[in-house]
Amino acid sequence: MSVALSAPPIEKKNYLTALKDAIRFEMLRNPEMVCIGEDIGLLGGAFGVTEGLQEEFGPDRVIDAPISEAAIVGAAIGMALRGRPVMVEMQFIDFISCGFDQIVNNAATMAYRTAGKASVPIVIRGPSGGYGGGGPYHSQQNEAWFAHSPGLKVVCPSTPRDAYGLMISSLRDPNPVIFYEVKDLYRKREIEEEIPDDTIIPLGSASVVRPGSDITIISYGNPMHMCIKVAGMLADDGIEAELIDLRSLVPLDEDTIYRSVKKTGRVLVVNEASRTCGFAAEVIARVNENCFQYLDAPPLRVTRADTPVPWVQPLELAVLPSVEKVYEAALKVARF
Amino acid sequence: MSVALSAPPIEKKNYLTALKDAIRFEMLRNPEMVCIGEDIGLLGGAFGVTEGLQEEFGPDRVIDAPISEAAIVGAAIGMALRGRPVMVEMQFIDFISCGFDQIVNNAATMAYRTAGKASVPIVIRGPSGGYGGGGPYHSQQNEAWFAHSPGLKVVCPSTPRDAYGLMISSLRDPNPVIFYEVKDLYRKREIEEEIPDDTIIPLGSASVVRPGSDITIISYGNPMHMCIKVAGMLADDGIEAELIDLRSLVPLDEDTIYRSVKKTGRVLVVNEASRTCGFAAEVIARVNENCFQYLDAPPLRVTRADTPVPWVQPLELAVLPSVEKVYEAALKVARF
Amino acid sequence: MERVYSDRQRRSGVYERQEPFRLKIKTVSTPSEPTEDHRQQEVAAATRPRDALTPEDHLELLRQLYLARYFDVRLIKEKRRGRLRGTLYSSHNQEAILVGTLFGLKPDDWISPIHRDMPAFFLKDIRGRWDNPERKGMTIEEVCSQVWGKATAPGRARDNWSHIGDVKRGIIPSTSMLAGTIPVACGVAYDFKMKGLDNVVLTYNGEGSTAQGVFHEAVNLAAIHKLAVIVIIENNQWAYGTPVHLEVPTKDVADRAKGYGIPGLIADGQDVLDVYDKTMWAVDRARKGLGPSLIECKTFRAYGHGDHDDDRAARYRPADEVADGRSRDPIAVFKRYLVESKLLSEEDAARYSPEGKDAPSTTDQDFPPEVVNYLKRGVEFAIKAPLPEPDEAFRWVFAEGDGS
Amino acid sequence: MERVYSDRQRRSGVYERQEPFRLKIKTVSTPSEPTEDHRQQEVAAATRPRDALTPEDHLELLRQLYLARYFDVRLIKEKRRGRLRGTLYSSHNQEAILVGTLFGLKPDDWISPIHRDMPAFFLKDIRGRWDNPERKGMTIEEVCSQVWGKATAPGRARDNWSHIGDVKRGIIPSTSMLAGTIPVACGVAYDFKMKGLDNVVLTYNGEGSTAQGVFHEAVNLAAIHKLAVIVIIENNQWAYGTPVHLEVPTKDVADRAKGYGIPGLIADGQDVLDVYDKTMWAVDRARKGLGPSLIECKTFRAYGHGDHDDDRAARYRPADEVADGRSRDPIAVFKRYLVESKLLSEEDAARYSPEGKDAPSTTDQDFPPEVVNYLKRGVEFAIKAPLPEPDEAFRWVFAEGDGS
Ligand SMILES: Cc1ncc(C[n+]2csc(CCOP(=O)(O)OP(=O)(O)O)c2C)c(N)n1
Ligand SMILES: Cc1ncc(C[n+]2csc(CCOP(=O)(O)OP(=O)(O)O)c2C)c(N)n1
Ligand SMILES: [Mg+2]
Ligand SMILES: [Mg+2]
C-alpha cells in the first residue's frame with residue numbers, strides 16, 4: 001500500500017512510442033528542427049510515429065510533403081545547409097529507392113566535397129523489414145546500399161530503449177543517418193521497457209546482450225530476438241553463446257566484435273537483408289582481417305535468401321531468417 | 001612478301017571498339033533490338049561506344065533520349081515486355097543513381113513477381129571507374145548496390161575480348177544485366193587484341209589469367225591489370241600467384257574460386273569499389289563458408305577507401321588501389 | 001530562329017523540329033456543371049463518342065458498374081470478417097472511371113492499373129464477353145485468387161493486391177512505386193509505334209502520384225515522341241492523409257498537361273459517359289499518332305486510404321466533405337441518365353439499388369444475379385485454390401531459359 | 001466542390017486551399033524581336049527594373065560582361081595550351097544571363113550555378129565591390145584555385161569545375177546530377193520563409209536538365225509552398241549532342257511553368273537588360289511571398305558541350321545554325337544599346353572589342369585593363385598555390401565534431 005503512495009513508476013514504452021518520444025524530445029529541445037515526409041502531419045504517419053507532432057509544433061515544422069522522395073531529401077539537405085536538423089520519414093523504407101540519388105550523391109558527400117565546411121544533419125528513417133506479409137515493396141531491409149555509400153551513418157535498433165537512445169544521437173549527429181526501424185517490433189508487447197528521457201546511445205556502440213564463451217552471435221534488428229531464443233536453446237545443449245547487437249553498422253563497434261571473437265573463436269552473423277553483399281559479409285571480412293588466428297570454425301551467416309520478399313506467408317517465411325535456421329547454423333559453427 | 005598476299009590478319013581491337021562491335025553485331029542479328037540513352041545517336045555517345053549506330057540503324061532503333069534516367073530504364077522495360085532486347089547507356093555509370101528505383105524494384109523483380117511469365121532482357125551499360133581525374137561523380141564503381149539487389153546480373157570485363165564476349169551474352173540474356181565498362185581501358189593500346197566475331201563468353205565464368213600454386217589473387221575490372229603486374233613481382237620473389245578474373249559477379253563462378261583457394265590456401269581479393277559491403281567482402285565470406293579448412297592465411301582485400309573518389313590526382317590515387325598496395329597486401333598474405 | 005539541319009540530322013528524321021501540338025481544349029473546374037469550354041471540347045470532337053453506343057451497350061455499362069461495386073463491397077465485407085490478408089484499397093464511388101475508360105478499348109490495347117483499380121483487371125476487354133476464355137483481361141477466378149493469395153493468382157501470390165500483370169493480355173505488372181509504370185507504358189507504346197500498330201496504353205494514377213519525378217520524365221518522353229499513352233488521373237481529392245492542394249499547386253490536376261503541350265481533359269469521374277467520351281476522344285487522337293493526353297477524372301475517395309485507414313480517415317477528413325464527395329454515386333448518376341433517356345424503365349432502375357449504401361449495409365439483393373453469380377464463381381474458386389508451395393519462393397529470381 | 005475543414009485542418013493553416021496564381025504573362029517565341037505579349041509583360045511590371053539603374057550601373061554591367069568573357073577565353077587558351085586538367089564548359093555567348101540575373105541580388109540571396117556558369121561564382125555580389133573581402137561571392141583567387149585544382153579552392157579540389165559552393169556566402173555546393181540542386185534550393189527558401197526573410201534563391205539549369213524527374217518534384221514543391229525560388233533555364237538549344245526539341249516537347253521551355261501555375265517568362269539571353277528585367281520582376285514577386293517563377297533565357301552554346309566536344313560539335317551542329325546562334329554577341333548587343341542611349345561614346349565603345357571574336361583570336365588588348373588585371377591576380381595566385389596533401393583524401397568523409 002505504502003508503495004503505491006511513492007512516486008509512480010515510469011510507464012513502459014513500446015518501440016514505436018520510444019521513437020515518437022525521442023523525435024518529440026528533440027523537437028522540443030531544438031526549435032530549429034523540422035520534420036518532413038508523406039502524411040506525417042495531418043495523418044500522423046502511416047504507422048503513427050509522428051502522431052500529434054503537427055498539432056503540437058504546427059505545419060511549418062511538421063511538413064506534409066507531396067509524394068516526391070527526391071525533393072523531400074533534397075529540401076531536407078537545403079534546410080540542413082541553413083543549420084536545421086531535419087527528420088525525414090520514408091513511409092516505408094522501400095521507397096527510399098526513389099530518393100536514392102539525393103541521398104548517396106548529395107547528402108552523403110556534402111562534408112567531403114566541401115572539405116568539412118558544410119554538413120547535412122538529417123535523419124532519414126522509416127519502417128523496414130519483413131514477417132508482416134508486406135511483399136517485395138513493403139518488407140525491404142536495404143541498409144547495405146547505404147553502408148556501401150561513404151558519408152552515411154546507418155543505424156538499426158532492436159529494442160525500444162535503443163530506438164530512443166539511437167534516435168536522439170542520430171538527430172544530434174551532424175551527418176546524414178539512415179535509420180532503420182523494425183516495423184514488426186513497433187507494437188510488440190513483450191519488448192516494452194522503461195526509458196528515462198535522458199537516455200542517449202552513441203552511434204558506433206554495440207551492446208553485448210548476453211555474455212558467453214563458446215560462440216559469438218552477431219546480429220541487429222529483428223533477427224536479434226531470434227538469436228536470444230537460440231542462445232537459450234544452445235544453453236540447453238551446453239553451449240554458451242555471446243550475443244552482440246550491433247545497433248549501428250556505420251560507424252561499427254569493431255572492438256566489441258573482435259574482443260568477443262578472440263574469446264570464443266567462433267562466429268555466426270545473422271541479418272535480414274538479402275545475402276550477397278549484405279552487411280553480414282562485411283562483418284565476416286573484417287573478422288578475417290582482424291581475428292583470423294583465433295578462429296576455430298568458419299564464420300557463417302544466416303540471412304534472407306537472394307530473392308525479393310514474397311507476399312504470402314509460406315513463401316515469405318521460406319526466404320527469411322528463422323529461429324530454426326539460426327539454431328542450425330549456430331550448432332554447425334559451435335560443433336565444427 | 002608472299003605472307004603479305006595471304007589473308008589479312010584480323011586487326012586488333014581496343015576495349016571500346018570491342019564493345020561497339022558487339023552491340024552492332026547484335027543489332028544486325030536481331031532486328032528487334034533497340035538502343036536508348038543520352039546523346040548516343042547524333043553524337044554517338046560521350047565516349048563513342050555507339051558511334052555510327054544511329055546512321056546505320058536509324059533514330060527509331062538508336063534513340064537519343066531526354067536526360068531522364070528513370071524514364072529511360074522504364075521505357076526499356078516496356079520495350080522488353082514487348083519482346084525487344086534493349087541496350088541502355090548510362091553516360092557515366094555514376095548517373096545510374098537517378099534511375100535506381102526502376103532498376104532495383106522494377107526491372108530486377110519482373111521475373112519473380114510474374115512467376116517467370118515475364119522477363120526484362122535489358123543491358124544497362126556505362127563507363128565506370130577512376131584513375132582519370134573524374135571526381136566523385138565520374139569515377140564510381142558502384143556494382144555492389146546491384147549485386148545486392150536480387151534479380152540483376154552484374155558484369156565487369158577487363159579485356160577487349162571479354163568485353164566483346166560478355167556483351168554478346170548480356171544482350172542475349174533474358175534478364176537485366178548491369179554492365180560495367182572500365183573507361184580507363186577504353187583506348188589502352190597495350191591490351192588491344194584480335195577478337196573473332198563469334199566470340200561468346202557466358203556469364204558466370206571466371207577466367208584463370210595465370211596459374212599459380214602459392215596464392216590466389218581474385219579481381220575484376222581495372223585492378224586486374226595491377227594484379228598481373230604484381231604477379232610478376234611476386235614471381236621474382238619466388239611466389240607463384242594464381243590470378244582469377246571474375247568477369248561476372250552475378251552469377252559468380254564459385255567453382256573456379258574454390259578450386260584455386262583449396263590449392264593455394266591463401267587469398268587476396270582486389271577491387272575498385274569502396275570497401276564496406278563491396279564485392280570483395282562477399283567473396284571473402286563465401287571463401288570462408290566453403291574453404292575454411294584450407295586457409296593458411298587470412299583472406300585480405302585491397303579496395304578503394306571508404307571515401308568518394310576525389311578529383312585531383314594526389315587525392316584520387318591515395319584512395320584507389322595501386323600496384324604498391326596490391327603487392328604489399330599479397331606479400332602479407334603469402335608470407336603470413 | 002529558323003533551324004537548318006546537318007546532313008546527319010536530315011538523314012535521321014527525328015531531328016526535324018516538330019511543331020508543338022497546340023492545346024485546343026481548355027479545362028474546366030467543376031465537371032458536374034459543364035461550362036462553355038467543356039462543351040467546346042465536345043463540339044471539337046465532331047460527334048460525341050457516346051452517340052455511337054447502342055441501348056445494349058448502355059445496359060452493359062450499368063452491369064459493369066454493378067459488378068465493380070459488388071466486387072468492392074464483397075471484399076470489404078470479407079476483410080471485415082477477417083477472411084482476407086493484406087490491405088484493401090477500395091474503389092468505391094470511383095467505379096465509373098474504370099468502367100468508362102476501359103469500355104471502348106480494343107482487346108490488344110494495354111493498361112496499367114494501380115492499387116485503387118482492382119476491378120480493372122477483370123473489366124479489361126469484358127464488354128459483351130464476360131465468359132469468353134479468349135478475352136484479353138483477367139478472369140474473375142484469377143483476380144479472386146490474387147486477393148485470397150493463392151497459387152492460382154497471376155503472379156502466384158508473390159506480391160499483393162494490384163501488383164499483378166500479364167503481358168499476354170496487355171496488363172503491365174506494376175510495382176508499389178507510384179507512377180512507376182508510366183515510363184513502362186511509354187516503352188510499350190514505343191513498340192506499337194515501331195510496329196505501326198494503332199494500339200494505346202492507358203495508365204492509371206492518383207492525383208498525388210503526379211508529384212513523382214518519374215511521372216514528369218515519362219509524360220515528357222511520351223509527348224516528345226507522340227506516344228499513344230493516355231494518362232488517367234483519378235483525382236479523389238486525397239493522397240492517403242494529404243489533400244490534393246498539398247500535392248498539386250494548380251486548381252486542376254489537368255493543368256499538368258500544359259507543361260507538355262498535350263491535351264489536358266477533365267472528366268466528371270462520377271459520370272461513366274463523360275469519362276467514356278473524354279477517354280475515347282484521347283484514344284482516337286492517340287491512335288492517329290497525335291500523341292498522349294492526360295485526363296483528370298474528378299471523384300472522391302469513399303473510405304480510408306486502405307481499410308486499415310478507415311477510422312483515422314474519419315478524423316482527418318471532415319464529415320461534410322465526405323458526405324459531399326459521396327453524394328453523386330456513379331450508379332445513381334448513370335441510372336438517372338438511363339431513365340431520362342428512356343433506356344431503362346423506372347421499375348427496372350429501382351430493382352437493384354446499391355447506390356449510396358455503405359458497403360456493410362448492401363446485400364446480394366442489391367445486385368443483378370448475373371453479377372452476384374459471376375463473382376461468387378471467382379470467390380469459390382479462390383477459396384478452394386491451393387497456397388503456393390514454400391519451395392517456389394526460391395524460383396524465378398531470374399528468368400528460366402537463356403533466351404537466346 | 002466547396003471545401004469544408006476539420007478542426008484539425010483549420011488549426012494548421014496550410015490546409016486552407018490557396019487559390020492558384022493565374023499566369024499573367026504570355027510567353028513569346030523569339031526574344032530577339034519582342035512581340036506584343038512580350039511588351040505586355042513589361043507593362044505589367046509597372047516600371048521596368050532597368051529604369052532604376054544609374055549610368056554607372058550600366059558601365060558596371062558592361063565591365064562584368066567583359067570580365068565573364070575574359071575569364072572564359074583565358075581558360076580556353078590555357079586549356080588548349082594543356083595547362084589545365086579536367087573539362088571546360090564554356091559560357092561563351094551566354095554571359096549576359098549570368099551578369100543579368102546576378103546584378104540585382106542582395107548579398108544574402110543564394111544561388112546554385114551549374115557547369116556552364118563558372119563565372120557566376122565570382123560575379124555573385126561583385127557589383128561595385130570587386131575587391132571587397134566582405135562580399136558574399138567567391139574571390140577570383142578561389143575560383144582560379146578551383147580551376148587549377150589547388151588546395152586553396154573552396155572544396156580543396158575534391159571535385160572539379162563548378163562542383164563547389166559556400167554556405168557562408170549563399171552558394172549551394174552542387175553535385176554533377178543535373179537539376180539536383182533545385183530541391184536543395186527549396187529547402188533553403190523554406191528556411192527563409194520560416195525566418196521571415198525576403199531572400200531568394202536562383203537556380204541555374206540548362207534546357208535539357210528540365211527533363212529530370214527531380215526538376216519536376218522540386219518546382220512542384222516550390223509552387224505548392226510559394227517558395228522564393230527562381231528557376232533560371234539557360235536554353236542554349238543543345239544538351240550535349242541532343243537538340244532541345246528532343247528534351248522538351250513544347251516550343252518554349254518556359255511552358256514548363258504552366259504545369260505548376262507559376263509565371264513562365266522568356267528573356268532574350270543575349271540582352272543583359274532584358275535578363276535583368278525579367279529576373280528582377282520574378283525576384284520582386286518572390287520577395288513578396290508570391291512564390292517561384294521560371295525564366296527561360298534563350299541563347300546559344302558557342303562551342304562544344306565541353307572543350308573535349310568542340311570537334312564533334314562542329315559535325316553534329318550545322319555551321320549556319322552555329323553562325324546564327326552566335327550572331328548576337330551579348331557584349332555587342334549591350335554596347336549598341338549603351339551607345340544608342342548615350343551612356344557610352346562611339347569611341348569608348350570601340351576601345352575594347354572582344355565581341356564576335358573566337359576565343360583564341362582575342363588578346364588582352366580586347367579587354368579593359370582592370371578586367372585583365374583582376375583575373376591575372378587570380379591566375380597567378382592559383383598557379384602558385386599548393387596541391388592538397390594526399391592524406392587529406394581520407395578526411396571529412398564525415399563532418400568533424402559531433403554537432404550536438
Ligand atoms: C514512390 C512512393 N512513395 C510513397 C508510396 C506510399 N503510398 C502508397 S499510396 C499513397 C497515396 C497515393 O495517393 P494518390 O496518388 O492520390 O492515389 P489514391 O490512393 O488516392 O488513389 C502513398 C503515399 C508509394 N507507394 N510509392
Ligand atoms: C542526371 C544526369 N544525367 C546525365 C548527366 C550528363 N550530362 C552532363 S551535362 C549534360 C547535358 C546538359 O544539357 P543542358 O541541361 O541543356 O545544359 P548545357 O550543358 O546545355 O548548359 C549531360 C547529359 C548528368 N550530369 N546528370
Ligand atoms: Mg488520391
Ligand atoms: Mg543546353
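Labels below follow one simple rule: chain letters A, B, ... track the order of the sequence lines, proteins then strands, and each chain is numbered from 1.
When every heavy atom of D:Gly180 is checked against every heavy atom of A:Gln102, the shortest pair comes out as O-NE2, 3.0 Å. Counting all heavy atoms, side chain and backbone alike, A:Pro66 lies closest to D:Asn220 at CB-ND2, 4.2 Å. A:Ala75 and D:Leu221 get closest at one heavy-atom pair: CB-CD2, 4.0 Å.
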Before you tell me yes or no, could you show the steps for D:Thr175 and A:Arg113 under side chain to side chain contact (heavy atoms under 4.5 Å, CB included), namely the whole-Å CA-CA distance, both residues' side-chain angles and the distance that decides it to 0.1 Å? CA-CA 9 Å; D:Thr175 71; A:Arg113 288 181 281 135; 3.9 Å; yes
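In this structure, chain A has a heavy atom under 4.5 Å from the backbone of D:Pro154, while its side chain stays farther away. The parts of A:Ala70 that come within reach of chain D are both its backbone and its side chain, each placing non-hydrogen atoms under 4.5 angstrom from that chain. Contacts of D:Tyr190 with chain A are made by side-chain atoms alone, with heavy-atom separations under 4.5 Å and no backbone atom involved. Neither the backbone nor the side chain of D:Asp166 comes within less than 4.5 Å of any heavy atom of chain A. With a threshold of 4.5 angstrom between heavy atoms, A:Ala80 does not approach chain D through any atom at all. Heavy atoms closer than 4.5 Å to chain D are found nowhere in A:Val120, neither backbone nor side chain. With a 4.5 angstrom heavy-atom cutoff, A:Glu69 touches chain D only via backbone atoms. Within the 4.5 angstrom heavy-atom criterion, atoms from both the backbone and the side chain of D:Val397 approach chain A. Using a 4.5 Å cut-off between heavy atoms, A:Arg82 touches chain D through backbone and side chain atoms alike. With a 4.5 Å cut-off on non-hydrogen atoms, D:Ser176 does not touch chain A at all. At a 4.5 Å heavy-atom cutoff, D:Ala179 makes no contact with chain A through either its backbone or its side chain. Only the side chain of A:Asp101 comes within contact range of chain D, with at least one heavy atom under 4.5 Å from a heavy atom of that chain.
Taking CE from D:Met194 and CD1 from A:Ile63, the interatomic distance works out to 7.0 Å, rounded to the nearest 0.5 Å. In this structure, the separation between CG on A:Asn106 and CD1 on D:Ile172 is 9.0 Å, given to the nearest 0.5 Å. How far NZ of A:Lys117 is from CZ of D:Arg156: 7.0 Å, rounded to the nearest 0.5 Å.
Each of A:Asp173, A:Val250, A:Leu152 was checked for a side chain to side chain contact (heavy atoms under 4.5 Å, CB included) with D:Phe398, and the lone residue meeting it is A:Val250.
By the 6.0 Å contact criterion, CZ on A:Arg84 is enclosed, its count of non-hydrogen atoms from other residues, nucleotides or ligands being greater than 12. Around atom CD of A:Glu56, more than 12 heavy atoms belonging to other residues, nucleotides or ligands sit under 6.0 Å away.
Counting heavy-atom pairs closer than 4.5 Å to chain D, the top-ranked of the candidates A:Ile77, A:Val73, A:Asn105 is A:Asn105. Interface remark: of the candidates D:Cys186, D:Ala153, D:Pro173, D:Pro173 forms the most heavy-atom pairs closer than 4.5 Å to chain A. The choice from A:Ser119, A:Gly151, A:Pro251 that makes the most heavy-atom pairs within less than 4.5 Å of chain D is A:Gly151.
Within residues 200-219 of chain D, the residues that have a heavy atom under 4.5 Å from a heavy atom of chain A are D:Val214, D:Glu217, D:Ala218, listed by number.
In this structure, A:Asn175 contributes its side chain and D:Ala399 its backbone to a donor-acceptor pair below 3.5 Å.
Between A:Thr109 and D:Arg158, every side-chain heavy-atom pair lies at or beyond the 4.5 Å cut-off.
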